Structure formats: structure tokens, C-alpha cells
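Predicted model only: the values in this text are computed from it and were never measured. Just so we're on the same page: letters track the sequence lines, and every chain starts at 1.
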Amino acid sequence: MVEDMSNATISETTARLRQSGSVVSVSLSSDSHSAADNSQNDLIMQSVDLQVHYGDFLAVRDVNLAIHKGEITALIGPSGCGKSTIIRCFNRMNDLIPTAKVGGKVFYKGIDLYGPEANAGEVRRRIGMVFQKPNPFPKSIYDNVAFGPRVNGKPTKAETDELVERSLKRAALWEEVKDRLKQSAFSLSGGQQQRLCIARALAVNPDVLLMDEPCSALDPIATARIEDLMAEIKSDYPIVIVTHNMQQAARVSDRTAFFNTEIGANATRPTGVLVEYDTTRNIFANPTDTRTEQYISGRMG
Amino acid sequence: MVEDMSNATISETTARLRQSGSVVSVSLSSDSHSAADNSQNDLIMQSVDLQVHYGDFLAVRDVNLAIHKGEITALIGPSGCGKSTIIRCFNRMNDLIPTAKVGGKVFYKGIDLYGPEANAGEVRRRIGMVFQKPNPFPKSIYDNVAFGPRVNGKPTKAETDELVERSLKRAALWEEVKDRLKQSAFSLSGGQQQRLCIARALAVNPDVLLMDEPCSALDPIATARIEDLMAEIKSDYPIVIVTHNMQQAARVSDRTAFFNTEIGANATRPTGVLVEYDTTRNIFANPTDTRTEQYISGRMG
Amino acid sequence: MSSVVSAQPVVADLHDTTSRARKGLDKLFLGGLWMFTLVAIITLVTLVGTTLLKGYSRLNWSLVANFPSPFPGDAGIQAAIFGSVWVVVTSGLISLFIAMSTAIYLEEFADQRSRLNKLITINIQTLAGVPSIVFGILGLAFIARGWLGWGFTVGTASAVLTMMVLPVMIVSAREALKAVPSSLREGAFALGATRWQTIVKQVLPSAIPGIATGSILGVSRALGESAPLILLGALAYVSSNPTGFASDYTVLPLVILKYTQEAQEEFQAVGAAAIIVLLMLLVALNMIAIIIRDKSRKSW
Amino acid sequence: MSTASVSVGELQPSGRKLRQQRSERIIQFLLMIVATSGVLITFGVVFALVRPSVDFFRAISIGEFFGSTAWFPLYEPPDFGVWPLIVGTFSVMLLAVIIAVPGGLAIAFYLSQYASDRVRRKLKPLLEILAGVPTVVFGFFAINFVGPNVAAKIWVFSDVGFYSALSAGITVGLMIMPMMTTLAEDAMAAVPRSLIEGSYALGATKRETCTGVIFPAALSGIIAAGVIAMSRAIGETTIVLLAAGSTANFSFDIGQPMQTMSSFIGFAGLGDQPTGSTGYQTIFAVGLLLFVITFFLNMLSRRIVSKFREVYE
Amino acid sequence: SAAKLDDSCKSSDLYKIQKIDTKYIRCEIVKGTSIHATDKAKQAKFKWTAAKESQYILANAEKETIRVDGSSTVYPLTAVAAKYFENSTKSVKKKDGAKVTVGFSGTGGGFEKFCRNETDINDASRGISAKEVAACKATGITYTEILIANDGLTVVVNPANTWATSLTMAEMKAIWKDGSTITNWKDVRPGFPDQALTLFGAGTDSGTFDSFTEFVNGKAKSVRKTGVQTSEDDNVTVKGVSSDKGAMGYFGLSYAEENSSKVKLVALDKGAGAVSPNVATVQNGTYPMARPLYIYVKNASIATKPAVGAFVQFYVDNLAQISTDAIFVPLTAQQMKDLQGGVKAIALIPRVKK
Ligand SMILES: Nc1ncnc2c1ncn2[C@@H]1O[C@H](COP(=O)(O)OP(=O)(O)OP(=O)(O)O)[C@@H](O)[C@H]1O
Ligand SMILES: Nc1ncnc2c1ncn2[C@@H]1O[C@H](COP(=O)(O)OP(=O)(O)OP(=O)(O)O)[C@@H](O)[C@H]1O
Ligand SMILES: [Mg+2]
Ligand SMILES: [Mg+2]
């Protein structure tokens, strides 16, 4: 069941989705929510009324986000506001936490990630993820990159070789490691390890790349390399990035979502909410919400 | 061997101490270093060229500080600059860290704390300490307060009762706990626990009270109570307090020492240094050192 | 400007594309895990089951109340129960004393980096890896015969079991002391308490539940241990309960071993019944450990 | 401006406190003495083994000890070729390890990756009970169940009698499986969560994560655990004594009775050799060999573990 | 409550003594019934009977521990004696009766302890050796030797074995000698069928092993080393022999008779014709593998520990019953007479008052 809903605003679309609860294709009118640049603004992913409980604790609620092709979307906000929680909903990594319960919906190209049509393994292959701390496997550089393709199919040696080279090149790491592919991945520097993890994610040819504070463990030079890399690949792989570094969000992202926490009526612990979601330019230049403004100024001032 | 050195400036005194290396009585001329108010400015404690190594690492060096009767002295500075290290030298708590090596001297009423005339246990009884996180013993409220007196002598039941009551009253906790002295100290709130720890310190009748970030684990209301308490008891117990909260330092202290870190010539890790020590008014209103100014403004602006 | 582009609808896009072979392997793997887990469970069930089947006919008061007998009908294990209690309690107390002293010395007094500390630590690790039968040899050479010449008595057995459970106890006592927050020690020191006062009045009370649980586990090892005592003459027909360190003795595991090797089939039932008694004692010990652990959690 | 009053000796403890501080020095000294008793035990073990072994090797040449394949020290004339014991020891150990290591790993994988909290909470105590079952009970289990119902049924290459290395090996394997499980679980728990998530994020299944990421990452810990399992299996006495008999067969047929180093010591101990006899000294010579082997195995596992720690630091 | 004569008592009261008025009575097995009987009618019954005069000695048995060690062959006999003795002394001295611990370190190991003054009595399945005599002399230990029972070692084969009804000692030696390679019955004697021969032996630490090797090969512990399955547990031998047509094993006569439905007893020929193993041939010594069993009592123990003397007296007085209940071959009448002489010698040892 596919509906064309051109000219509908996000909130309207959301309202309809709420009613139908079914698989839909959503699109976005180019109003204030449209992309900051002229790239395609096709919707790749969208969350609708997303909320996550850990046990009884409501960690984050009412998140309506749209991820667009060719763009980098940044999630910012104070610690504990649920950024990681949200980004982990986007490729069903939260399935791995037994207490986590996801409410609402996340659509990927019109398919509900949590619906019967979606398989967690497949979701994760399509929607790659890079973590805060570089987490190479205790294997060789080559085997790290080859791991994904191998579990997802039975590539021949030649295919694997080619794929490893292409992925490493894509992650701007090839030149540095091509002579020592058989060495342990732990022999790389932190920044190289993180690029290896990006190469590893790219090797399974994902459609989206999620990054949870990918530079927080890196020095400025390594960070700059990763940022360059993101800018380079974003046309092929839309990126969602969580960052604590507002300068980074301002530098690299096209859209920014600002999250904050608030304590609910009869809750004891604060719950994360999506305060504002707009083009990065708007969020940083003229935020509509005062909380956003305070946060931005407090941190950047 | 006792010398009277009235009218000597601190630096002169220090110079003499360096030469003699012996037990001296020191006093302070009322020049720029004198107290901010009209309270007695007798010197209770003084550190001379104090420096601390942890193994090979020089954590803090060249600290010359003077603690005065009836005053609250605040130690401020960025994380890792050695505030805790210094304050722990003042009652020989650093003896408990096997790698720690203390250089220079710390005088208490003219006696070198690290000299042959001083005994660590006795030093600690005389110079009480309150820690960052409330650390009540897993005993009843009563037994917590009674612990110090008991290990330092054999008070009778009546003496102990009286001492516990007096100390709890002094720490402004008596009214809240007098009906449940036999209950576990863990049944108290964080702020109450911290006041209990103060009461516990007061129960051994110390001459000085050291506090290492005593409010950092507390909420604002509990913090206010502790600050009031400090102001109340400072005439009896001179207080040295480490704090990260500059407003707090400005609010409660009479003198402030600002520490900073710098990387030595061939060191790899930064070493703490005492940048400036003056009345709190001077430090916050017109610091002489630009680093102090930057730090104060950066944090308070 | 309203350039609206619909995301292309790619239904079935996220369907499970895992190959059949891969799924098969997944199932096979899980099957393997299940199998081994089942093996463990089945082992326990058949072990207890076969023992119960064999032994339940002799599981009566006369088993516990009687002394050994050449006749399976009225053979009992009273001497073995008392022997076990004697040996386990004495070795438990001695090793508890040594373990506490060692742990207190290593954790509270000694410089963690000192040579002696390292030597003792390595040494304890080495002892922990020594097969128990080797302790039996030591006991045979030095304690039963040789230097001490205590003979095959409760004292000898206690000494040997002490050596055997000592490493376990020291490690658990050290863990328990390590788990005491250093803020507690600092709090006590800051009030002028001496090291010993700090240890006795603050550290030990907090560490006791941990030490107790560890010790009970050590003691239950001693209770079930048979190998070194084979060398120490505990196999004999002993018809009296020990009265002191110099008494003859036998213990439950060795009575079981003896009955198991007895030619008359009926003795197997006595052995099986004795096993059940031994297992019940072990379960009781572990329950005590659990209760101590839970209680200590609640109290403060 | 007044000078702080000075009283020298003010920071000295008085009376009771002073006495206490003095007695603490004695306490510390006593504690140190007790703490070193562990070292004494080790020296005692070594000394107790070496002295009679020296006498033994004075009577029996090392060449005969390691050069012959007949072990009948308590026969007349005696034979002192230790190989049957070594073969027996390693047969039983290998069998045990073949069961305990994969078994322990499998259960550890199951508990740590597959089982729900509820199942885990029920399974763990069962494993703890199994781990606490005394070896003599396992020995009883071996001769009453494993021997006749398992070993005799699965071994098709020869007739399995009442005693067999197979029955002993299987039972020892079952006995050390819970310990292997615990150690493997610890090793797996030390694998950073981020690695496991990294694997799932690439679309790997649980199995692929277990075998492709957790296993290699925990490998050194697992090997160390395996080595400890080996040393436990080598040191096991009672089960082998009961299940594998007392014949030191020089044979590679595990359906046959065999004797291990430990079970020989236990066996010889049953018969209470007269002090000073060569039979008595064999106990020590074999004990020394056993001690040396397990000592090296334990050192090896400690080495591996300390290497392992470096990886994720 | 006072029991009356002829009142039936329980098996657990066996040998308990009670005092009624001035008379002592004792719980005994009714003659003609047996502890070992499977036939219901013959199963043991117990009754109170007048106690013998000599049992008053028991009143001297202080709260003492009697240490016995030695032969594992004699062990079951002494263990039964100990059990009964304890029953008796317990009833006389209430709770503080004498205690007996019985070890089974083997005759040699036992003598070592005996001569080191660690035990009071040593069970022996052979006479004391010259070396042991010297050892005891060195520590100044004097003792009295008492012949306590007869023992016969029997060779058993599978019931389906129809050929080997008797074997000569030479044939036995051929099979069992050190270095023997016989693995087939046909090599034992021409005419025996082509049937694999499997051997089951006793563990090296048992007295049975020592005796068997001595009987067959003339030298203790000298025996073929390969092709024999050894076991500490005679029952394993029974199982092994009964499940293998070509099997051969050996153990004590009493145990063989008990299991005569599962294994077949083989007659032996020392050159004077085949003799079947049974009580009579063992007692009269015509059976080639018959031997005497002893206990060695330390004289000093008798002098200083009243309980030891009481125990030996008790042992000897009730030997017939004890032998039956432990399934041992009892002494002949002549041997019994000689035994009384030994006991009298013991009675003459002067007691020392503590
Ligand atoms: N596995 C979990 N179980 C229970 N609560 C969790 C879990 N993970 C996160 N939380 C809670 O959910 C809330 C949101 O956490 P989350 O990690 O998403 O925040 P974040 O915005 O990523 O913070 P940070 O910037 O510190 O990474 C926090 O209160 C956190 O304590
Ligand atoms: N026990 C120790 N061993 C080794 N180094 C230590 C130890 N304690 C502190 N240090 C180091 O000494 C330096 C000073 O530490 P200290 O704790 O005194 O700083 P601080 O000013 O109190 O910092 P904070 O504000 O974070 O509490 C730091 O570099 C710290 O890492
Ligand atoms: Mg996060
Ligand atoms: Mg600090």
C-alpha cells in the first residue's frame, strides 16, 4: 500500500500515519523543513512518534525525524537526552538490550523497521553503524573489512579482495594500510581504527550510515579526516551523526535535531524530547525554540 | 626551638624556614597577604615549597600556603591541578598512597607535620577532613559520631552521649536525627550524611577542618545548609575547602588559592602550581595574574 | 517552490534475505549449544537420580546413627559425619585465620608493589594450581610421618586440608577486602584511627559477609575432598567419633569411596545413601553462604 | 598580632594511643609471618617431593624411568618405566578436555548470548551445584552409570570392561565442565560490548557474532581456561582411581583400564607402602612429575591471561 | 527395663551384655540361623542367653581405643570382632565402651606401624618376616602371635567353562608367571579348546595378591604383568569372570562360595591329585592354596591397656561365631586348642596399673 502524499507537511503526514499505522511512502514538501542545499531531498528514513522505554523508564518520547538522501543529519543535545537511544532505533540495535521497548514507528523507504516486513539482520546490513569508540575486531585489517561481506554472502576470494580494497579506498585508508592488510587491526592508530570501522560498515554496501559520536575518542587531526570523509561520502550514504561537539554539527551537517530532557508529570528521571529539527543553518542562526537558543549559545559562546 | 618572627613577610619567613629546616613558630605581617576581615590572623598552618610526586610524576610543586585562624581558605583551579593532593598533604592522608612522596614542609602551629615530632594518627585527629562524597560508616548515626572519640580514648557512655549530641548540634543535624540515633547512617539523605560526616569530624575536637569538594555530590539546598554551617563554625575551626564551584568559593571563603597546571620542561604530564593566593576579594575583584583572571572570567562570565 | 519527490516504495526490501545455509548453520549452532547445556543438566539429574535410586533404601536414621559395620544392613556413617565435621571445622578455622591474616597483611599493610607481596601472591596462585593429591604427599611425608610424625589423625588431615583450601580462602578474603570502599578507610584514618583500629572497626565488619561466603565455599571443597586423605589413612574401620586432634578419624568422602569398592553389592546402597547425606550437607553449607550474602545486602 | 602558641610534642600521641601504636607494629609483624606461611607450604611441597625423589632416582636411573614402557613398581621384579602413566594421564586429560572445553564454551555461549535472564537465573544455580559435587560422587557416578551405560555403549573399537580410561575421561570432563563454563563466561564478559554490537551492526547473526567476533576476542582467555581445565584433569585422582582401574596399561586404546599419575599415587597410598621402600619413593617421584607438569600448565595459563589483559587496555 | 532370658533381641543388640540382678546375659544368634542366609527360615534370629564367665573381663575395658591395622584379608574378620566387642563393652560400660579402629594397610604396612609402636594389634595374612622381627626388636616391641583363621584362595572360571575342572600348579604357574604370554586355553594344556584366556587379578596392595603370587610363583608379588585386569574389588572379578567364557580369576574361598552360582571353582593339583577348595581341604591343608591367618598382639598394650586384653579374649572366645559371620574358614579343633595356649600366655602378662 503506497500513497503519494506530496504537499503534505511532515506533521500532516505524521497524523495520517498515526491513523493508518500501515506501510506508507512519505515525502516532504519543501517548506521550512526542506534541505539546506540543492541535493535531492528524498526521504530515506522517518521516525513517527518514536519513544523508547528502558524497563519502566521512558528514556525518550515523541521523536519525529526525517532523514534525507545526500545529507548529513546531526543529533545534538545534553547528555542523557536520548540521542544514542534514538540513533540505535534506526537500525534496531536496541533489540539487543532486553529491557528496551520501542514505541512508535521508524520507516525506511516506506517500510516499518519494526514491522513484520523487516528483519533485524537485514535492517542492520542496510543501515550501517559506526560507534563512539573505534571497535575493530581482533582480526587482521583485511578480515575486519571482509567480515560483513562474508557473513552476508559467500563472496569469492577475488570478490572479497576487490571489495576490501574499494571499501578501504572509500574510507580513505587504503594508502595507509595497503601494505599491511594482514596485520592486526589493533596496530592502527585510533583515527585509523575509526576509518577502518567506517570501511567495514561501507563494505556491506549500506544505504544509510549511522554514527554515534564517531570522533569523541579522536584527536583533532583524526577528527578532521573523518569529517572530510563524511562530506565526501554523504552523497552516496546519507549520514546520521550524534555529536557533542556543536562546532562539528555546524561544520558538517545539513540538518540538525536538538534534543533536550524534561521531567514528566509523575516521572522521577528526565525524559528526552526532540525540541527542534531544522536545517543546520536555521538551528544555529535563528532557532525558533528558546531552549535551543540557550543551549547553542551556552555551548558555543 | 621556637623563634618569634613577627613582622616578617611570608616570603621572608619562608626563606628562613628553608634555611633552618627546623620547627618554628611563624606569624604573618598584615601586608597584602593579610586576612580580608578583622578576624585574628594567626597562622595555623603553613606549607613551604610543598611538592608531591606520585611515583615519578610530579603532580604539584612549590606550594606556599598559609592557613589562618577563624578563616575559610578556598582552593580552586582546573581539574587535575593538584588541589586534592595538596589538601591531603595537610593531614597526611597522602601517607596512605604508597606511591605518593611529599617534599617540602607543612607546618602546623610551628611543628613540621612530616617531621619526627609529628605522628600521623595524631595529625589526622587534630586536622579533620570531610570528603567529596559523604562516606558515613555502615553503622548507626550515633556510632558514626562516636567512632572518633572511641578510637582516640576511652570515653564513658555519658561522655560519649554528650559528645555525640554536641557534635550533631554543632553540625546542625541534631534536630533532624535526635529521635533515630540508632538507625543506620545510610537512612539519611545525601546532605544529612555530609553533615553527619562533619559532625563526625568535629567530635574529635580538631583544630582545623579540611574539606575536599564537600558539596559536589549534593543538591543546592543541601549545599546551602553546608555553606551556612561552615560560616557558623569557622571561628572555632579554620576551614580549608577545595571547590570547583567558583560562586561557592566567592560566597564562603576569606582567602582563595588559585592553582593551575603547566607542563614542565621535560615532563609529559602537567604539574600543578599555585598561581596566586590572596584574599578572596582580591582574587575575584582584581587578580594580579592573567591566568587567574582568565580562569575566573571564563568560568563566571 | 514545491519540488516534491516521493521516496520510491520498495516493499519487501527489508525481508530476511539470509540464505538457507546460513539459517541452517545458525540452527545447528544453537542446537549444539542446547545439546551441551542439556548434557550438563542431564549429568546432574542422572547423577542425583541414580544415587537416590541406589541409596534411598538405606536412607534412614540408622545410617546416620550407626557406626561402621561389616554387615551392610546396619553399617552407618556416624563416625564419618563427625570426622568430616571435625576435620572441616578445624581446617576451616585454621585456614580462615591464616587467610584473614594474609589478606589483611597483603591488602591493608604491605606495600602492594613490594617484593614480598608479589612473592606471596605468586605463591598463592601456585598453590591454587597444585593437585590436591600432592598435598596428600606433603602430609604423608612431613606431617603423618617424618618430621612431625602425627600419624594418621584428625590433626594431620586438618593440616593437609588447610593447605588445600588456603589459596581459595585467601583469594576470596582479598577480594572481600578490596571490595570495601576506600572512602571507609579514609574516613576512619581522617578521625585519627590507627591502621589496626580502622581494620578491626571498619574494614573487617564490612568485609565479613564476603569473607564468610568465600570461606564457606572453601570449606565445602574440604568437605567433599577425598584424594589427599586417601594417603592419610582415613579409609579404615573407625567406630568412634574423634575427640581431639590425635584421634583416629574417617570422613564422608572416604567412607563413600570404601563402600564403593566393597565387594558386597549391598554396600553400594550404603555408599549411595552416604553420598546423599554428603550432598545434603553441601547444599546446606551453600544455603548458609547465600543467606549470609543476602542478609549482608539488606542490613546496611 | 599574636603568635600561634607553640607546644612541641603536641602532635605526639599520648598514653593509651602510644601503646596501641607500638603494639600495632607487633601485629603487623605477626601478620607478615603468617602471610609468609603460604610460601613455606610451597617450599614444603617442593622439599617433600624432591628429597625422596632424589633417593628414588639414586636407585632407579632416570633413563629407566623415562626410557621404558612398563610400570609395575609394586610387582616383583618391579618395572619403573613411567610412560604408561604419562599415556594414561594424557588420555584421560584429552578425553576430559574434549568434553569440557567445547561443552564449557557452548554453555558459556548459550548463557551469555542466547539465554534469557529468566533461563540464566535458573541454569546458573544448577551449574553451581554441579560444580560443587565432590569428585568421589562423580567416581561413584562413573562406575554406576557412565561406565556401563555410556562408555561401554559408545566405544566400538574394543570391549569396554568395568574399568576404562574412556569412562574416567568422560566423567572427569563432565566434572570440570562447570568450571570451564565459568572461566569461558568470564573471558567472554571481558569482550567489550562495542565489539559485539559492531558485529550485529554489520548484519551478522548471533552465531556469526559468537564464532566470528566473541570467540577470537576471548580466545586467549578461553585458551587459558582450557589450560586450567587440563591441569585440573591431570590432577584428578578419585574419579580416575574408581573408573579407570589400577592397571598401568601401556596402550592407546581408551577402552582399556589405565592408570594416571594421580591415580597411581592414590592407589599406592591405599596400600600404604612401607617408608623408605622403593614403592614408597615412587609416590614421590610420580608426585614430583605431576607437580612439575601442573605447575607449568598453571604458569602458562597465567601468562596467557596477562597477555590477554593487555589487548583491551 | 530388665530383659528376661529367652526374650528375643535385635540384630543391633548382637553381643550386647545386660546385667540382671547379679547375672549377666548376652544377645546371641540362635544356633542354626545365619546372618547370611537368603532362605527366610534360616535367617538370623537372636536371643538372650547367659553370658560366659570370661566376659566379665569386659568390665575392665576402659574408655580406650584399640588400634588394629594390617592385612586387608584379615580385616573383615577383625572388623566383625570389633563390631561385636564394641556392642558388648558399650552395654557394660554404657557409653564409654572401648573403641576399635581397624585399618587395612596390608600385612607389611601394618607391621611397619606395629613395630613403630603405632598400633596395638596387627592383622597378618602370613607369619612375621625376619626383617619385621628385626624392626620390632629395634624398637623393643614384643608381641604374641595368634593363629586366628584359615584361608583358602580359590581359582574361579566361567560356569560355561567345561574343560578346566582342575589345573595343576605347574599349569597355573605357566599362566601366571612373570613374562607369561599365554593368552589362549589351548596353550594351557593340550586338549583344551581354542578359547581366548582372560585373566582377572587382585590389586597389588591386597593380601590376596601377595598370597596368590607366593602360592603360584613361589615369590610374593612376582606375577605376569600384562594381560591381567586387576581390581581392588572382588565383585569386579566376579562380574568379569561370569561374563566371559574364557576368563579366570582368584579370590578368597568364602567369597567364592558365596558367588558359586556365578563362577565355577577349580580344583588344584600340587602333584598329589586334584583337590577341590572347601572348608575341609583348607582346614586340613591339603588344598594347595590354603594358608593360616594371624593376629599379632603387642604385649605392652596388654600390660597397659586393659581393653586390648579384653578384646583379644573376646575375639578368641567367640571366634567360631565371628568366623561364621565374617564368612571365614574356621579353625580346626586342634587349632582351637593351640589357640587357648596363646591366650593363656597373654593372660600371664603382668598388667600395669596406671
Ligand atoms: N541500556 C540502558 N538501560 C537503561 N537505561 C538506559 C540504557 N541506555 C541508556 N539509558 C538511559 O536512557 C537515557 C538516554 O540515554 P542515551 O544514552 O540515549 O543518552 P545520550 O543522549 O546518548 O547521552 P550521551 O550524550 O551521554 O551519550 C539516559 O537516562 C540513560 O541513562
Ligand atoms: N593516587 C594517585 N596516583 C597517581 N597519580 C595521582 C594519584 N592521585 C592523583 N594523581 C594525579 O595527580 C594529579 C593531581 O590530582 P588531584 O586529584 O590532586 O587533582 P585535583 O585538582 O583534585 O582534580 P579534581 O578537580 O579533578 O579533583 C592528577 O594528574 C592526577 O592524575
Ligand atoms: Mg550517547
Ligand atoms: Mg580532587
Side-chain angles (χ1 to χ4, degrees), chain C residues 22 25-26 29-30 32-34 36-37 39-41 43-44 46-47 50-51 54 98 101-102 104-106 109 119-120 123-127 129-134 136-138 141-142 145 163 166 170 194-196 220 224-227 230-231 235 253 256-257 260 271 275 278-279 282 286, chain D residues 20-21 24 27-28 31-32 34-39 41-42 44-45 48-49 52 102-103 106-107 109-110 114 123 126-127 129-130 132-137 139-141 143-145 174 177-178 205 207 231 234-235 237-238 242 262 265-266 269-270 275 283-284 287 290-291 294-295 298 302:
Chain C
R22 194 172 160 203
L25 278 177
D26 284 353
F29 184 70
L30 182 58
L33 304 192
W34 255 111
F36 277 111
T37 312
V39 164
I41 297 171
T43 302
L44 186 61
T46 48
L47 189 147
T50 51
T51 312
K54 256 206 145 92
I98 300 180
S101 307
T102 307
I104 290 173
Y105 178 73
L106 293 180
F109 281 101
L119 176 73
I120 295 175
N123 202 79
I124 292 162
Q125 288 171 343
T126 307
L127 279 185
V130 173
S132 56
I133 187 91
V134 172
I137 298 181
L138 174 68
F142 277 169
R145 298 176 183 174
M163 292 187 249
L166 199 52
I170 292 177
T194 63
R195 202 171 273 275
W196 189 242
S220 50
E225 187 62 57
S226 45
I230 292 176
L231 292 176
L235 269 176
I256 294 167
L257 185 68
T260 308
I275 286 179
L278 176 59
L279 288 181
L282 284 171
N286 281 293
Chain D
Q20 174 152 23
Q21 288 184 356
E24 279 195 22
I27 291 175
Q28 178 173 359
L31 287 176
M32 190 189 75
V34 178
T36 47
S37 64
V39 184
I41 295 174
T42 311
V45 168
L49 291 174
I107 300 174
F109 271 132
Y110 180 72
Y114 284 85
L123 268 179
L126 284 185
L127 284 172
I129 294 177
L130 194 58
V133 171
T135 54
V136 67
V137 179
F140 184 84
F141 180 61
I143 54 180
N144 282 300
F145 185 83
L174 292 174
M177 198 157 74
T205 62
R207 168 185 55 92
S231 109
I234 287 177
T237 306
T238 312
L242 284 173
S262 325
I265 298 170
L270 280 174
T275 319
I283 295 181
F284 295 86
L290 176 66
F291 176 76
T294 51
F295 179 78
N298 286 307
R302 276 211 298 280

Q: Can you confirm whether the side chains of D:Asn144 and C:Thr50 place a donor and an acceptor under 3.5 Å from each other?
A: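 The criterion, which ignores hydrogens and geometry beyond distance, is not satisfied for C:Thr50 and D:Asn144.
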Q: Let me know if D:Phe145 has heavy atoms under 4.5 Å from chain C in its side chain, its backbone, both or neither.
A: side chain
Q: At a heavy-atom separation under 4.5 Å, does C:Ile170 approach chain D through its side chain, its backbone, both, or neither?
A: neither
Q: What are the two closest heavy atoms between C:Thr102 and D:Val34, and how far apart are they?
A: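 In this case the closest contact between C:Thr102 and D:Val34 is OG1-O, 4.0 Å.
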Q: Looking at chain D, which one of C:Leu257, C:Leu47, C:Leu30, C:Thr260 has the largest number of heavy-atom pairs inside 4.5 Å, strictly under?
A: C:Leu47
Q: So which residue, C:Val39, C:Val130, C:Asn286, C:Thr46, ends up with the most heavy-atom pairs under 4.5 Å with chain D?
A: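 Max contact count across the listed options: C:Thr46.
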Q: With only heavy atoms counted, which part of D:Tyr114 is less than 4.5 Å from chain C, the side chain, the backbone, both or neither?
A: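 When you check distances to chain C, only side chain atoms of D:Tyr114 fall under 4.5 Å.
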Q: What part of C:Ile137 is in contact with chain D, defined as an atom under 4.5 angstrom from a non-hydrogen atom: side chain, backbone, both or neither?
A: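 When you check distances to chain D, atoms from both the backbone and side chain of C:Ile137 fall under 4.5 Å.
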Q: So, for D:Ala106 and C:Gly32, which heavy atoms are closest and what is the spacing to 0.1 Å?
A: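 Where D:Ala106 meets C:Gly32 most closely, the heavy atoms are CB-O, 4.4 Å.
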Q: Out of D:Gly38, D:Gly287, D:Ser37, D:Ser262, return the one with the most heavy atom pairs under 4.5 angstrom to chain C.
A: D:Gly38
Q: Would C:Thr126 and D:Thr42 count as a side-chain hydrogen bond (donor to acceptor under 3.5 Å, both in side chains) if you check the C-alpha gap in whole Å, the side-chain angles of each, and the deciding distance to 0.1 Å?
A: CA-CA 8 Å; C:Thr126 307; D:Thr42 311; over 6 Å; no
Q: Can you tell me which portion of D:Ile27 sits under 4.5 Å from chain C's heavy atoms? Options are side chain, backbone, both or neither.
A: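 Just the side chain, heavy atoms under 4.5 Å.
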Q: Where do D:Met177 and C:Phe36 come nearest, in terms of heavy atoms and distance?
A: CE-O, 4.2 Å
Q: With only heavy atoms counted, which part of C:Ile124 is less than 4.5 Å from chain D, the side chain, the backbone, both or neither?
A: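 For C:Ile124, there is no contact with chain D at all, as no heavy atom is under 4.5 Å.
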Q: Heavy-atom pairs under 4.5 Å with chain C are the metric here; pick the option from D:Leu123, D:Leu126, D:Ile265, D:Val133 that has the most.
A: D:Ile265
Q: Of all the heavy-atom pairs spanning C:Pro131 and D:Thr294, show the shortest one and how long it is.
A: CD-OG1, 3.4 Å
Q: Given that the side chain runs from C-beta out, which part of D:Ile143 has a heavy atom under 4.5 Å from chain C: side chain, backbone, both or neither?
A: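 Contact with chain C is through the side chain of D:Ile143 alone.
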Q: Check each atom of C:Leu279 against the heavy atoms of chain D and say whether the ones under 4.5 Å are side chain, backbone, both or neither.
A: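 Just the side chain, heavy atoms under 4.5 Å.
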Q: Side chains of C:Trp196 and D:Leu31: closer than 4.5 Å at any heavy-atom pair?
A: yes
Q: Identify the two heavy atoms, one from D:Ala48 and one from C:Leu138, that lie closest to each other, and give their separation to 0.1 Å.
A: CB-CD1, 3.5 Å
Q: Return the option, out of D:Asn298, D:Ile129, D:Ile107, D:Leu242, with the maximum number of heavy-atom pairs under 4.5 Å with chain C.
A: D:Ile107
Q: Where do D:Pro134 and C:Leu278 come nearest, in terms of heavy atoms and distance?
A: CG-CD2, 3.6 Å
Q: At what distance, to the nearest 0.5 angstrom, does OG1 of C:Thr43 lie from CG of D:Leu174?
A: 4.0 Å
Q: In terms of heavy-atom pairs under 4.5 Å with chain D, which of C:Gly224, C:Gly271, C:Gly136 leads?
A: C:Gly224
Q: Can you say whether C:Leu106 sits under 4.5 Å from chain D via the side chain, the backbone, both, or neither, judging by heavy atoms?
A: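 Neither part, no heavy atoms under 4.5 Å.
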Q: Below 4.5 Å from any heavy atom of chain D, which atoms of C:Leu44 appear? Answer side chain, backbone, both or neither.
A: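 Its backbone and side chain both get close to chain D.
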Q: If you count heavy-atom pairs under 4.5 Å with chain C, which of D:Ser231, D:Pro52, D:Gly44 comes out on top?
A: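 Option with the greatest count: D:Gly44.
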Q: Mind ranking C:Lys54, C:Arg195, C:Gln125 by heavy-atom pairs under 4.5 Å with chain D and telling me who comes out on top?
A: C:Gln125
Q: Taking C:Leu127, C:Ile256, C:Val134, C:Leu166 one by one, which has the highest count of heavy-atom pairs under 4.5 Å against chain D?
A: C:Leu127
